[in-house]
Q: 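First the structure, which I've put down as structure tokens, then a few questions once you've had a look.
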Amino acid sequence: MKLILAIVNNDDSAVASSALTDAGFFVTRLSTTGGFLMVGNTTLLIGTEDEDTEAALNILKEHCTTRKHINAHTASFGAGMKNHSLPEEVTVGGATVFVLNVDQMEKF
Ligand code: 2BA
């Protein structure tokens, strides 16, 4: 069994998790924050059989798109704790995915 841990853009997360559940996968959504941009993203946890892993990855590939993130910083009110040394624009991937081996899974 595998645990797929997929960090996806908030804008893609609803469509991607719906497509995964429609295909029969069990999905947990966590609200997370990227450590570099300090912008919210979504981490999907998907526990699945080894042979279904590729199908889940294909669904993520289909629904998670690469996009440019413009670092909107102003020198005045509202800048908060933003890091002003960040580049103006970064390309954020469609999904950052880790596939982990699972020793055991139980539901009680
Ligand atoms: P963030 O950490 O906010 O990173 C957003 C984007 O900023 C990254 O897109 C990448 O283009 C750039 N970036 C991140 N760290 C950088 C660094 N140290 N130097 C230069 N540029 C950097 P992605 O690579 O597509 O990552 C999107 C989000 O996925 C990340 O948001 C983070 O939440 C997560 N992530 C990516 N790689 C990870 C990893 N190896 N471990 C844990 N989380 C990761």
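Numbering starts at 1 and runs along the sequence shown. Numbering of ligands and ligand atoms starts at 1, following listing order. Below, all heavy atoms of this structure are taken into account, side chains as well, without hydrogens, waters or symmetry copies.
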Q: Just going by heavy-atom distances, which of Thr96, Thr33, Val97, Ile7 is nearest to atom 37 (N) of ligand 1?
A: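 Of the listed residues, Thr96 has the closest heavy atom.
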
Q: Do Leu45 and Leu100 land in one hydrophobic cluster if side-chain heavy atoms of ILVMFWY residues count as linked below 4.5 Å?
A: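 Looking at the clustering, Leu100 is in the same group as Leu45.
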
Q: Does any non-hydrogen side-chain atom of Lys107 lie less than 4.5 Å from one of Phe26?
A: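 They are in contact (side-chain heavy atoms under 4.5 Å apart), so the answer is yes.
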
Q: Looking only at N/O atoms, are Gly35 and ligand 1 under 3.5 Å apart anywhere?
A: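 So ligand 1 has an N or O lying under 3.5 Å from an N or O of Gly35.
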
Q: Check ligand 1 against Leu37 and write out every atom of the ligand that is under 4.0 Å from a heavy-atom position of the residue.
A: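 Close to Leu37: 1 (P), 3 (O), 5 (C).
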
Q: Among the clusters formed by ILVMFWY side chains lying less than 4.5 Å apart, do Leu5 and Met1 turn up in the same one?
A: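 Hydrophobic grouping puts Leu5 with Met1.
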
Q: Give the atom numbers and elements of ligand 1 that come within less than 4.0 Å of a heavy atom of Asn41.
A: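 Contacts of ligand 1 toward Asn41, numbered from 1: 28 (C), 31 (O), 33 (O).
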
Q: Starting from atom 8 (C) of ligand 1, which protein heavy atom do you reach first, and at what distance in Å?
A: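 Its nearest protein heavy-atom neighbour is Thr91 O, 4.3 Å.
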
Q: Could you check whether any heavy atom of Val92 sits closer than 4.0 Å to an atom of ligand 1, since that is the contact criterion I want to use?
A: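 For ligand 1, residue contact (heavy atoms, under 4.0 Å) with Val92 is present.
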
Q: Side chain to side chain contact (heavy atoms under 4.5 Å, CB included) between Ile59 and Phe25: does it pass, once the steps are laid out?
A: CA-CA 11 Å; Ile59 291 171; Phe25 292 99; 3.9 Å; yes

Q: Is there any N or O on Gly93 that sits under 3.5 Å from an N or O of ligand 1?
A: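 There is such a contact, yes.
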
Q: Taking distance alone, with N or O pairs closer than 3.5 Å, would you say Phe98 contacts ligand 1?
A: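 No; the residue has no nitrogen or oxygen that sits under 3.5 Å from a nitrogen or oxygen of the ligand.
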
Q: Is there a path of hydrophobic side-chain contacts, each under 4.5 Å between heavy atoms of I, L, V, M, F, W or Y residues, that connects Leu20 with Val15?
A: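 Each belongs to a different hydrophobic cluster.
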
Q: Among protein heavy atoms, which sits nearest to atom 31 (O) of ligand 1, and what does the distance come to when rounded to 0.1 Å?
A: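 The protein heavy atom lying closest is Gly34 CA, 3.5 Å.
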
Q: Quick check: do Leu37 and Val92 have side-chain heavy atoms less than 4.5 Å from each other?
A: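 Yes. Closest side-chain heavy atoms under 4.5 Å.
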
Q: I need the nearest protein heavy-atom contact for atom 2 (O) of ligand 1: residue, atom name and distance, please.
A: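 That would be Phe36 N, 2.9 Å.
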
Q: Where do Val99 and Lys2 come nearest, in terms of heavy atoms and distance?
A: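 Closest heavy-atom pair between Val99 and Lys2: CG1-CD, 3.8 Å.
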
